[in-house]
Amino acid sequence: MSIYDHKKIEKKWQKYWEEHELFRARDDSPKPKLYTLIEFPYPSGEGLHVGHPRPYTAMDIISRKKRMDGYNVLYPIGWDAFGLPTENYAIKTGQPPAQVTKKNIANFTRQIKSLGISFDWSRAVNTTDPAYYKWTQWIFLQLFKHGLAYKSKIAINWCINCKIGLANEEVVGGVCERCGGPVEKRLKDQWMLAITKYADKLLEGLQEVDYVPQARTQQENWIGRSEGAEIDFKIQGSDRKIRVFTTRPDTLFGATYMVLAPEHELVGQLKESILNLKEVEKYIASAKRKSDLERTELQKEKTGVELCGVRAVNPANNEEIPVWVADYVLGGYGTGAIMAVPAHDERDWEFAKKYNLPVRYVVRPVSVDSTNPPREEKQLDHLKKFSAFAGVGILMNSGSFNDLDFETAKWKITEEVGGHKKIMYKLRDWVFSRQRYWGEPIPLVFCEACAKSHKGESVGEQTNHGWIPLPESELPLKLPAVKKYEPTDTGESPLSTMSKWVNTKCPRCGGAARRETDTMPNWAGSSWYFLRYIDPHNEKEFASMEALKKWMPVDWYNGGMEHTVLHLLYSRFWNQFLFDIGAVPVREPYKKRTSHGMILAKGGEKMSKSKGNVVNPDDIVKQYGADTLRAYIMFMGPFDQAVEWDPQSLVGVHRFLERVWTTSERVSNDASCPKNIIRQEHQSIKKVGEEIEAMRFNTAVAHLMTFSNTLYKLEKVPRAAYETLLVLLSPFAPHACEELWALLGHTSSITEEKWPEFDSALLEEETFELVIQINGKIRDKYIVSSGITEEALRAEVLKRLKVEAILNGAEPRQFRYIPGKLVSIVA
RNA sequence: GCCGCGGUGGUGGAACUGGUAGACGCACUGGACUCAAAAUCCAGCGCCCGCAAGGGCAUGAGAGUUCGAGUCUCUCCCGCGGCACCA
């Protein structure tokens with residue numbers, strides 16, 4: 001009699017798997033490939049958190065099952081190790097970030113290995129390893145050479161605490177995503193990546209992949225494509241024009257004023273004609289001072305000021321209309337100017353009401369009946385009192401366009417006034433510079449001499465005069481050791497203080513040059529790590545085309561919803577770019593994307609160090625074992641939903657594994673296997689398999705429990721049925737199943753077993769409980785045989801005492817039989 | 001405000017295309033074993049009436065479609081996630 005001692009068996013089998021290289025992905029295998037991926041962790045000093053094992057275990061179960069299905073599975077792991085927490089730790093303690101990172105990776109490795117996840121450790125990558133970031137730099141240089149990286153003085157989001165520029169994506173609700181501190185606008189020279197050039201491709205690509213719907217819509221919203229028209233408005237008494245973008249050119253006749261964003265260049269150009277220039281300048285200055293946070297907080301009431309003396313001409317009806325400056329119009333979107341149609345736009349409506357500007361309705365709702373007066377007129381009259389009519393319909397008050405449908409009118413009016421169709425995106429270019437130490441150095445130098453002779457790289461619209469790329473033979477450009485890791489007070493990276501490193505020779509002309517001292521953002525290394533896993537030790541290329549062709553695309557990528565906008569979009573962009581230059585074989589990197597929910601502390605709060613409610617997986621592994629932890633995390637609740645950690649429920653899963661264990665003592669070779677056991681066995685094969693594939697792990701575990709409970713109650717347990725249970729359970733609780741498998745006399749690993757097949761003929765029940773509903777209420781139930789004909793059944797049912805009592809001799813008005821389920825009678 | 005998801009026992013959650021609501025756990029109650037406890041095992045467990053047989057009520061609220069609704073339709077309430085002056 002053996003006891004379930006997880007401490008002994010878990011270490012033993014982890015060692016066995018490693019020694020026998022059972023989870024190595026084989027480049028030369030004839031089996032079909034399957035590439036499963038989880039988001040590689042940031043190895044923080046705090047160590048693993050129970051949230052980490054959720055996606056790892058889920059994809060582990062899928063990977064293990066797929067290996068048993070005959071696939072050659074690549075399930076890799078690595079470290080996304082550049083980043084602020086490590087740098088901040090280095091600032092505090094004076095330890096070099098590289099050293100801290102090494103220690104953290106060792107700890108994470110130990111912790112993850114103790115969970116028995118079937119990663120291929122031989123392919124582990126580390127974004128801070130020069131052998132890795134050499135290729136991150138190489139990809140950046142390709143982007144640079146193709147005109148997709150450019151330096152630009154732009155107003156960036158500046159986090160005052162972190163002393164760092166942030167991408168739009170990193171500013172959440174007006175504050176810094178990392179530290180929650182205030183963000184202000186600052187003009188800075190920044191490297192930018194022209195992701196906007198890929199807006200359409202990134203949108204189109206979503207059509208060919210299988211992403212969880214929220215991920216797809218979030219990406220679509222972020223890219224924010226809208227179709228409309230650009231139309232020019234003349235300025236009275238000047239040859240200048242105001243160009244606007246509108247999605248509703250059909251409402252042009254209703255444009256009763258115009259609004260410029262405070263940043264709009266025209267305000268400066270029209271200085272002479274503005275009668276209230278002082279007032280206007282004061283307004284613009286105050287608008288600029290507002291941070292994003294204030295701008296959103298103050299959205300209750302719109303403000304603005306009229307440019308007195310400036311009038312624009314509505315090209316539809318040649319009417320003179322006033323021009324305003326207001327910060328509800330954004331400088332960064334569209335043309336930075338709008339035609340205001342208060343009758344059909346709620347924002348314009350609000351503004352017009354406040355400043356008493358005229359409102360003219362030019363579209364009416366489509367009629368749904370033919371009352372007199374028509375219903376749509378009543379609707380519109382009603383609406384006029386409270387708000388704009390932002391819906392669509394039929395044109396009115398629009399001259400020769402009256403009674404046209406809005407869609408037709410849009411393009412006819414645009415054409416009539418000399419406008420043109422235009423696609424606009426919300427997506428902005430990606431701010432790629434960080435003024436920080438712990439990131440990849442940007443492999444460019446600035447050469448004064450080359451700048452003067454215009455010998456800089458210049459591709460497409462972007463010119464980067466004087467910026468010279470390092471030759472690829474000089475990569476990696478390593479991070480030099482510095483004494484202090486703090487950003488400087490001027491906001492420059494700590495690298496800028498290292499004159500030895502900064503001052504260098506121009507690779508082009510050999511003259512004096514200075515290195516770029518900004519580093520790359522965190523997102524750089526994670527934008528292509530899935531490619532490096534494929535060929536992680538290649539020194540000549542980031543990955544060979546042969547290996548990429550074998551493994552790409554990633555078949556199944558699971559990650560958190562918090563990464564669906566940033567990481568997913570950036571890495572798709574890099575992969576699409578690499579595809580366009582012929583460096584990777586597929587355009588879309590991820591075929592399928594799923595998402596897991598968070599694990600919350602008891603009480604529904606997020607786990608956090610400051611609240612002291614973090615559960616450390618080490619403790620659970622120690623007390624109950626990795627198998628219990630894995631099965632419990634899967635059993636807690638639906639995989640894609642947030643669930644609360646509940647130590648009480650953990651014991652239920654542990655008991656289940658213990659019962660599976662003790663059942664092994666009663667396994668018998670000669671026990672006959674009753675039909676109902678065989679049926680349940682095959683039902684389990686079917687259900688557990690289907691549920692794993694659909695990520696319904698909680699019900700998969702429930703079915704395993706049901707099957708196990710059945711076997712547990714038998715005095716003699718048929719060997720075949722028990723072995724099936726072990727095989728089905730093994731992806732969830734691999735260590736215990738290996739040990740039990742070996743105890744049954746097997747000499748090879750259970751992970752090498754074939755996933756069993758079910759026989760549909762054996763799934764059928766011979767009898768079922770028929771439910772009899774009379775007038776919609778359940779009145780009787782009894783067991784009938786599955787093969788019964790409707791006629792025979794009807795005769796039987798009508799003779800049932802309870803049925804007779806209600807029918808009272810009368811014929812039923814309706815008799816309906818749902819085979820295998822119920823009979824519904826209407827008396 | 002807009003978009004998406006959700007609301008089921010004491011509790012976490014099950015329920016395929018409309019067909020026995022509450023699978024599988026946890027907690028709880030009673031019993032067995034024990035000197036005792038823990039562990040384990042057996043039984044019970046939505047609410048109300050009833051000794052029972054049985055009956056009635058129940059999936060956030062209200063209506064509707066249907067022989068039949070947790071599931072479909074409409075209105076409303078609440079919670080979570082995302083976006084938020086994007087013209």
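Just so it is clear, the structure is predicted and the values come from calculations on it, not from any experiment. So you know, we letter chains A, B, ... as the sequences are listed, proteins then strands, and number each from 1.
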Heavy atoms of other groups near A/E346 CD, more than 12 under 6.0 Å: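 No, CD of A/E346 has 12 or fewer neighbouring heavy atoms, counting only those of other groups under 6.0 Å.
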A/E715 atom CD, over 12 foreign heavy atoms within 6.0 Å: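 Not more than 12 within 6.0 Å, no.
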For [X] and [Y], does a side-chain donor sit closer than 3.5 Å to a side-chain acceptor?
{"X": "A/D640", "Y": "A/S595", "value": "no"}
{"X": "A/Q218", "Y": "A/R216", "value": "no"}
{"X": "A/Y632", "Y": "A/T57", "value": "no"}

I'd like the [atom1] distance from [M] over to [N], given in whole Å.
{"N": "B/U75", "M": "B/G1", "atom1": "P", "answer": "16 Å"}
{"N": "B/G55", "M": "B/C3", "atom1": "C1'", "answer": "47 Å"}
{"N": "B/G81", "M": "B/G10", "atom1": "C1'", "answer": "28 Å"}
{"N": "B/C85", "M": "B/G12", "atom1": "P", "answer": "37 Å"}
{"N": "B/U71", "M": "B/G19", "atom1": "P", "answer": "11 Å"}

Nearest to the [X] side chain among [options], which nucleotide is it?
{"X": "A/R655", "options": "B/A27, B/A87, B/G13", "value": "B/A27"}
{"X": "A/N709", "options": "B/C57, B/C24, B/C67", "value": "B/C24"}
{"X": "A/T706", "options": "B/G56, B/C24, B/C26", "value": "B/C24"}
{"X": "A/Y712", "options": "B/A23, B/A87, B/U40", "value": "B/U40"}
{"X": "A/W222", "options": "B/C83, B/G25, B/G55", "value": "B/C83"}
{"X": "A/Q814", "options": "B/C67, B/C42, B/A87", "value": "B/C67"}

Would you classify [X] as touching base, sugar-phosphate or nothing, given that sugar-phosphate means primed atoms plus P, OP1 and OP2, and contacts are heavy atoms under 4.0 Å?
{"X": "A/R696", "result": "nothing"}
{"X": "A/P638", "result": "sugar-phosphate"}
{"X": "A/S226", "result": "sugar-phosphate"}
{"X": "A/N698", "result": "sugar-phosphate"}
{"X": "A/R216", "result": "nothing"}
{"X": "A/F656", "result": "nothing"}

Given RNA chain B, 5'-ward residue of the pair A/T247 and A/V651, judged by closest heavy atom: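 On the 5' side of the pair lies A/V651.
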Residue whose nearest RNA chain B nucleotide is more 5′ - A/K426 or A/E346: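 The residue closer to the strand's 5' end, by nearest nucleotide, is A/E346.
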A/Y328 vs B/A87: side-chain N/O to OP1/OP2 distance below 4.0 Å: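 Negative; the distance criterion is not met.
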Rounding to a whole Å, what distance do you find between [X]:[atom1] and [N]:[atom2]?
{"X": "A/K302", "N": "B/A87", "atom1": "NZ", "atom2": "C1'", "result": "11 Å"}
{"X": "A/D780", "N": "B/G68", "atom1": "CG", "atom2": "P", "result": "20 Å"}
{"X": "A/D345", "N": "B/C85", "atom1": "CG", "atom2": "C1'", "result": "9 Å"}
{"X": "A/I774", "N": "B/G68", "atom1": "CD1", "atom2": "P", "result": "14 Å"}

Under 4.0 Å protein heavy-atom contacts per nucleotide of nucleotides 2-11 of chain B, with B for base, S for backbone only and - for none: --S-------
Per-nucleotide protein contact string for nucleotides 16-22 of chain B, where B marks a base within reach and S marks sugar-phosphate only (heavy atoms under 4.0 Å, - for neither): B--BBS-
Syn/anti label of B/G44 as read from its glycosidic torsion, with the cut at 90° from 0: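 B/G44: anti glycosidic orientation.
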Any residue meeting side chain to side chain donor-acceptor pair (under 3.5 Å) with A/E39, in chain and number order, not counting sequence neighbours: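 So A/E39 forms a side chain to side chain donor-acceptor pair (under 3.5 Å) with A/H563, A/R593.
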Set of residues satisfying side chain to side chain contact (heavy atoms under 4.5 Å, CB included) with respect to A/A337, sequence neighbours excluded: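 A/A337 satisfies side chain to side chain contact (heavy atoms under 4.5 Å, CB included) with A/I242, A/V244, A/L260, A/H264, A/T335 once adjacent residues are dropped.
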Side chain to side chain contact (heavy atoms under 4.5 Å, CB included) partners of A/E265, counting only residues at least two apart: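 A/E265 satisfies side chain to side chain contact (heavy atoms under 4.5 Å, CB included) with A/Q269 once adjacent residues are dropped.
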Under 3.5 Å, side-chain donor or acceptor atoms of residues 248-259 of chain A against the rest of the protein: list the pairs with distances, not counting sequence neighbours.
| from | atom 1 | to | atom 2 | distance (Å) |
| --- | --- | --- | --- | --- |
| A/R248 | NE | A/D250 | OD1 | 3.1 |
| A/R248 | NE | A/D250 | OD2 | 3.2 |
| A/R248 | NH1 | A/A390 | O | 3.4 |
| A/R248 | NH1 | A/G391 | O | 3.3 |
| A/R248 | NH2 | A/D250 | OD2 | 3.0 |
| A/R248 | NH2 | A/G391 | O | 3.4 |
| A/T251 | OG1 | A/R248 | O | 2.8 |
| A/T256 | OG1 | A/P358 | O | 2.8 |
| A/Y257 | OH | A/Y328 | OH | 3.3 |
| A/Y257 | OH | A/D348 | O | 3.2 |

Residue pair A/Y361, A/H344: steps toward the ring pair (Phe, Tyr, Trp, His ring centres under 6.0 Å) verdict: CA-CA 7 Å; A/Y361 286 84; A/H344 300 289; 5.6 Å; yes
Any A/W324 side-chain heavy atom under 4.5 Å of A/L307 side chain: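 No, every pair of side-chain atoms sits at 4.5 Å or beyond.
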